[in-house]
Structures are given as structure tokens and as C-alpha cells.
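Both backbone and side-chain heavy atoms feed into the values below; hydrogens, waters and symmetry mates do not.
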Amino acid sequence: MFEVLERDGLGRIGVIETRHGPVTTPALLPVVNPNRPIIRPADLATRFGAEILITNAYILGKSPQRDEILRKGVHEFLGFPRAIMTDSGAFQSHVYGGIDVTNREVVEFQRRIGVDLGTMLDVFSEPGEDHDRAAADVDETIRRAKETVSLRGEMRVVAAVQGGLHSDLRERCAREISSLDASVYAIGGVVPLLESYRFRDLVRVIVASKKGLDPSRPVHLFGAGHPLVFPLAALLGCDLFDSASYAKYARAGRMLFSDGTRRASEMRESGCLCAVCTSHSMDEIARNESLLAEHNLHACFGAIREVRRAIAHGDLWELAERRARAHPALLTALRELRRHNEFLEEYEPLSRRAALYYVGPETAHRPVLHRIRRRLAERYAPPPAKGLVVLPEGDRPFSERNAHIVERILASGEVHVVVKSVWGPVPLELDHIWPMSQTIVPDTLDTEALEAAEVFFREWAAGAGYPFGVLWEGDTTLDEVRTRAPGARTVDWNALRIRATADLQFGHGSADALLEGNVSYILSKNTGKVRNVFVDGEHVLSLRAEDGFFTLKAAGARRLLKAFSPPALRVVVDADSVPFHREGKNVFAKFVRDADPDLRPGDEALVVSPDDELCAVGQVEMNRREMLAFKRGVAARVREGVPPPPSAPPH
Ligand SMILES: [Zn+2]
């Protein structure tokens, strides 16, 4: 029912199939108040391109037109031909302190009026609730979620995560409702956080919920309708947003923009090019609630499209970091993200097509850079030398730009060379891996970024084990090198680059396994860089020019299979699908039995049978959590099928 087409961070462009057409995520669901629709639902589809709207089943059920709604069904009643989701009244119970319907009543009503996505009546935990009270709410929410699934009939169910600000409860609730057959999971109870700009708490709630939720289902963030929060929430894996803000703010004479809210009466120009702003004066707009609502809705849809554009281009992190500058509370939330890097990193691709732009000191803490620093500490083996010379950040690629300096340094002493970059230390032989060469940073850096770079560097250097390190300060440094590390070092940079990249990409010890024997290379005629690596005449690796990482060949895969025990580097498939992968067919998620928890989207992987026989080599598109959850979509793109070994007995 939900298929992911593109991804970035935890954000995904996907398609949800409904009986009333497909819904592309991230999606905006305009809230339609059935008693007071400020924009006609039909117009939402035709003029705004809305694929789905959300209205309130509790209000519909209390309406004087209840009988008509039941007779016509919700689509005909509202005059909206596309998908319709209903909310149940949990939010009303938050506002009024309780409502007079049961979960069973509201679920059955939603089913009878033919909604595409019907929501359970969850128990709204207020942010201030203590652990005991919130735990009781979670227990009741889970009980009702089970009841809802049992009553659903043809209707698809939205099950909600509650638990207030208690991360353990959010995660438990998410895990329990994930075991139920719901089509969408909603994160509830966050409106009080949004209204008071508690975006850091919002981040904690989303992350805790996402940790427990089935990643193969879309996630709705209930009540998040201001475009300001879309990039950050989408980055954390929220796929659906409902906006009542467009109408609420219009009533108050306020206009929404992707970077905030402004009072219409205080502006001469809006700076917006929507249909409303280009054909009406500000005076007209300011006096007309409908026009304000229309502009607001254009702004919300525009902001969602911008998020989708960013996911497709792989720069959603940039968008979220830039947008965070629009409000200090959002910047606080952005700075919270680094505390969740262990989880966020699982979803980060190995590399991206685009260069990595420095946005602010937060950029260095992105999970993808956190991963490189961690892998450098855990996987990379610094080559033996008597000391270290540290080059300052400069033009890239570092090795080419500093070639003449490096030559003189190595002629003067037995040292290794590393660059102290804003992303962390970069041993010179690793400067081609993404994003070390594909980075745009300002010439002058702010103090916070420099201090962080210093910390990253010291942490790595302490573990690298060189007896000393000196900062490159020109020719005087050569004298120091001569004294402290007498001798000279001859480096085969191609060999060093291949070894270091292999260990970093596949794990410590990979270089030894892959390169044991007689190694030869084919160099690119254009760039002079290594393109293909052969060992004992077998093609084991190809180096990709675009991101500096390896493409693994079958001969290389055989070597890694021998050197690393399961589950390392493996995607284990069902026995039935083994013959297909041997012929080069892709691995679909539903055939995956297990996988290495360290695999990340974009990593090379060994596709193996349940008996650990190599049957293909490919590039994974999902992490383990996703492979095991998704029933649709490609888990690994197979590049090379591997026939059974000739000695294997026939069966
Ligand atoms: Zn406008």
C-alpha cells in the first residue's frame, strides 16, 4: 500500500494507494471543517491539487446532517473525489477535557461513511503528564488500537502513538501498535508543543516514536500544519501533515510563509507569487478571509513541494538547516538532532549525488559525518610512521592541491599527512571519498565550527597512535619533521588509497582480505586515478569517480565472504529466491530473511542463501530494519549474479 520512490534522511517520497487515488508523500492534508469550509473541498482538488484532505468524524457525527452524511457517504457529502482521512475526536477531548463518544462508535461511524483512512480514538496525553498517567493513557490507546483494527472492515486504519514527553512510553506504544495491521501510524499529542514552539521536545517525541514504528508504513504528524516545521519533521520521517493553520491564521488576518507568519495588514507587499498575491492588492487580501486562506494554503502546498524537491535532490538536511534559521526555537531543535545520531545514521545513504554545503556549525554534526568519523576510529588503520603532519583546511581535493607540499614533507621525515577539516580529520589517502572532496565551505569559519573540528581531530589523533603531531606552518615545519622523524617515507598513494578506502567501506581487515596476492590496477586515461583493482588476475573492485567508494565485484565478494563471518556485509535471502539472484535479479524486501545491521543505503552487500552461499553482489537501498519491514520495494540492486560453485552437489 505504501511504496517509497526516493529518500533522504528519514524523509521519503512515496505513494500511498487508496480507493480514491494515489497520495504522494510527503503530503499535506488540508483540514476541512464540515461546519465552516472556508475553501470548498472540490476546489482543494481542482485548484490546489490536493490528493487527500482530512475532516473530523466526531464533528460529522454530531452534525445535524448526520443522516445525510450516512446516506451519501463522506465523499459525496463534501464533494471531494479524492482520498479522505478522518480524525476521531482525540484532539477535541484535549480541548474540551473529554467527549461523549466511544472508540467503537467513532470507528464504526467512519467505516459507514466510507472514509479512506479512519483514525482510532486515542487518549491524548498532555505534555505535562507524569510517567504513570501517560503510561495508563498508552495502555488504553493500545487497547483501543486493537479494537479499531478488529472493527475496521474495508476501512484502512490510522493508529496513534501517545505517551506524552516520555520517550520510553512513546517507543513502547509505537512498537505495540506496529504489530497491528494499521495502514498509517500517527504521532499524536503534539499540538501543545507546536503551539508553544517547543520544537526540541517535538524532535524527541518524533525520534522516540520512529524508533518503535514499523518503517514500512507512512507516519502522520497530527496537527503540524505550519510550513515552518515541514522540512525538519519530514527529515525525521513524518510523511503526512494536516493543516488547519491555513484557515485559523486567515481568521486572525495572518499570512503563512515557509519561514514564518506575518500580519497581512502590516505588509505592503507579501513577496509571494501565488495566484492570490499576484492578482489582488494587499488591502484586498488583508480584508478578505477567503483570500488569506487561499494564500495560506498555497504557502503550505508550496512548502511541501519544496520538501519533496529536496528529498529528490538529496539536500533535505540543507533545507532543514537553512529553515531552522527562521526561528530560534527551530534552531534549538536542529541542535538536538546530534543527540540522536546513532539512530538517524542508520537511514543515511553512503553518499549523495550533490555536494555537501556548509550551512552552519550544525552541519558538521550531521549523522553522515558522524558516521565517517566513527568509521575512521573503528575501521581505518593508520599507516606506520614516526609522526603526523597536520595540514589546515584548504582547497579540495586536498591531495592534489597539496601535492607539492606533501612531497617535501615525506622527503624530510617518516611521517603521515592528515588534513584537519571542518568535518573532522581526513587522512590524505581518504580525501576522495564523499563528501571530503565534494564539499563547499566558507573561507572563514565560525568559532563553534573550528572548536568542533579541533575536538574531532583530537579524538581521532589520540587513538591513531602516532608519537607526535605537528601543524604545517611552512618550511619551519620541515625542520621539525627532520629532527623528530628522521628518514623519509616513500608512499604508493594508489595502494594506500585502496587499502584505506576498503577498510573504511567494508570494515577493519577488508583490505587484507581483498588484496591478498598480486595486486595490479587499471588507471583512468582521463584522470590518472585508479579505476579497477585486480588481485591474482581477478577483478575484485572498481573505484567510483563520483563518490570515491568501491563497487564490489564477485571475486571481491568471495574474498569478503571468507574473511567475515555472518551477518557481516550480508543480505540473507529466502532459499526459493536464490536462483533468481544468481541470474542477476534484484532482491525484493519481502524475500529478505536477515541482514547485517551495519548496512546502510548505498552500501555494497553480499547476497547469500540461508546456508551462507554467495549468490549475488549488489548495492542495498534499505537498512536492515527496513528490509525486514517492507513487503514492497527493492532491498538490494543486484549488479552481478554468482553461479553456484562447480563442486556443489546437484539438488
Ligand atoms: Zn500568496
Derivation of the salt bridge (charged side-chain N to carboxylate O under 4.0 Å, His left out) call for E306 and R322: CA-CA 13 Å; E306 189 180 23; R322 286 184 188 132; over 6 Å; no

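- Looking only at side-chain heavy atoms (C-beta outward), M1 and I16 come within less than 4.5 Å of each other.
- A heavy-atom distance below 4.5 Å is not found between the side chains of R352 and P435.
- Annotation: side chain to side chain donor-acceptor pair (under 3.5 Å) contacts of Y197 (sequence neighbours excluded): none.
- Distance CG/L369 to OG1/T363: 8.5 Å, rounded to 0.5 Å.
- For the atom pair CZ (R40) and CG (L78), the distance works out to 12.0 Å, reported to the nearest 0.5 Å.
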Test log, rule salt bridge (charged side-chain N to carboxylate O under 4.0 Å, His left out), inputs E345 and R371: CA-CA 7 Å; E345 184 273 321; R371 169 198 299 161; 2.5 Å; yes

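- For R112 (side chain) and L70 (main-chain N/O), no donor-acceptor pair under 3.5 Å exists by modelled atom type.
- Residue D87 holds its CG atom at 7.5 Å from CG of D122, rounded to the nearest 0.5 Å.
- Contact annotation: the side chain of P601 never approaches that of E621 to less than 4.5 Å [non-hydrogen atoms, C-beta and beyond].
- Side-chain atoms of D116 never come within 3.5 Å of backbone atoms of M85 as a donor-acceptor pair (strictly under, hydrogens ignored).
- Counting only distance, with no hydrogens or angles, the side chain of R111 and the backbone of M155 share no donor-acceptor pair below 3.5 Å.
- Under a 3.5 Å cut-off, the side chain of Q162 and the backbone N or O of S125 do form a donor-acceptor pair.
- A side-chain N or O of N103 and one of T148 form a donor-acceptor pair less than 3.5 Å apart.
- Counting heavy atoms of neighbouring residues, nucleotides and ligands inside a 6.0 Å radius, atom CZ of R133 does not exceed 12 of them.
- Just one of R323, R366, R309 meets the salt bridge (charged side-chain N to carboxylate O under 4.0 Å, His left out) condition when paired with D315; it is R309.
- Between F199 and H327, the ring planes lie perpendicular to each other; the angle is over 60°, past the 30° to 60° tilted range.
- Put simply, the side chain of I69 does not reach to within 4.5 Å of the side chain of P34, judged on heavy atoms.
- Surrounding CZ of R353 are at most 12 heavy atoms belonging to other residues, nucleotides or ligands under 6.0 Å away.
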Steps toward salt bridge (charged side-chain N to carboxylate O under 4.0 Å, His left out) verdict (R625, E346): CA-CA 9 Å; R625 238 185 248 263; E346 287 183 31; 3.0 Å; yes

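- The distance from the CG atom of L5 to the CZ atom of R308 is 11.0 Å, given to the nearest 0.5 Å.
- Under the side chain to side chain contact (heavy atoms under 4.5 Å, CB included) test applied with Y249, the options R263, R254, R262 reduce to a single match, R254.
- Y358 places a side-chain heavy atom less than 4.5 Å from the side chain of D446.
- Between the side chain of R325 and the backbone N or O of E321, at least one donor-acceptor pair lies under 3.5 Å.
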Which pairs would a plain distance check flag for residues 216-241, meaning a side-chain donor or acceptor within less than 3.5 Å of a matching protein atom at least two apart in sequence or in another chain?
from : atom 1 : to   : atom 2 : distance (Å)
S216 : OG     : D214 : OD1    : 2.7
S216 : OG     : D214 : OD2    : 3.4
S216 : OG     : A629 : O      : 3.4
R217 : NH1    : A182 : O      : 2.4
H220 : NE2    : D242 : OD1    : 2.8
H226 : ND1    : L228 : N      : 3.0
H226 : NE2    : T261 : OG1    : 2.8
D239 : OD1    : R12  : NE     : 3.0
D239 : OD2    : R12  : NE     : 3.4
D239 : OD2    : R12  : NH2    : 3.1
D239 : OD2    : V219 : N      : 2.8

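- In this structure, S88 contributes its side chain and M120 its backbone to a donor-acceptor pair below 3.5 Å.
- Using a 4.5 Å heavy-atom cutoff, the side chains of E147 and R104 are in contact.
- The closest side-chain donor-acceptor pair between H370 and E342 falls under 3.5 angstrom.
- Taking N35 as the reference, nothing meets the side chain to side chain donor-acceptor pair (under 3.5 Å) condition, with sequence neighbours excluded.
- Of the possible donor and acceptor atoms, none in the side chain of T119 sits under 3.5 Å from a partner among the backbone N and O of V158.
- Smallest separation of non-hydrogen atoms from C277 and M255: SG-CE, 3.9 Å.
- Here the closest heavy-atom approach between residue Y58 and residue N56 is recorded as N-OD1, 2.8 Å.
- Within a 6.0 Å sphere centred on CZ of F343, other residues, nucleotides and ligands contribute more than 12 heavy atoms.
- A distance of 5.0 Å separates CD of E362 from CG of L331, quoted to the nearest 0.5 Å.
- Between C300 and L28 the shortest heavy-atom distance is CB-CD2, 3.4 Å.
- Around atom CZ of R339, no more than 12 heavy atoms belonging to other residues, nucleotides or ligands sit under 6.0 Å away.
- Under the 3.5 Å distance criterion, the side-chain polar atoms of N341 are matched with a main-chain donor or acceptor of H365.
- Between T141 and C173 the shortest heavy-atom distance is CG2-SG, 4.4 Å.
- Checked by atom type and distance alone, the side chain of E76 never pairs as donor or acceptor with a backbone atom of G73 at under 3.5 Å.
- Applying the salt bridge (charged side-chain N to carboxylate O under 4.0 Å, His left out) criterion to R82, with sequence neighbours excluded, gives no partner residue.
- Between H340 and R204, the closest side-chain pair of non-hydrogen atoms falls below 4.5 Å.
- At least one side-chain heavy atom of L344 sits less than 4.5 Å from a side-chain heavy atom of W317.
- Residues meeting the side-chain contact (heavy atoms from CB on, under 4.5 Å) test with D132, sequence neighbours left out: D130.
- The CG atom of N623 sits 11.0 Å away from atom CD of E348, with the distance rounded to the nearest 0.5 Å.
- Applying the side chain to side chain donor-acceptor pair (under 3.5 Å) test to pairs two or more places apart or on separate chains, those with a residue in residues 150-161 are R152-D181.
- When all heavy atoms of A589 and F630 are compared, the closest pair comes out as CB-O, 3.4 Å.
- Distance alone, capped at 3.5 Å, is enough to place a donor-acceptor pair between the R170 side chain and the G164 backbone.
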CA sep, side-chain torsions, deciding dist, call: V123, R144, side-chain contact (heavy atoms from CB on, under 4.5 Å): CA-CA 9 Å; V123 186; R144 293 188 194 174; 3.8 Å; yes

Test log, rule side-chain contact (heavy atoms from CB on, under 4.5 Å), inputs L60 and F109: CA-CA 9 Å; L60 289 172; F109 178 71; 3.8 Å; yes

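- Relative to the ring axis of Y347, R7 does not place its NZ or CZ within 45° and under 6.0 Å from the centre.
- When all heavy atoms are compared, the tightest approach of A333 to R200 is CB-N, 3.8 Å.
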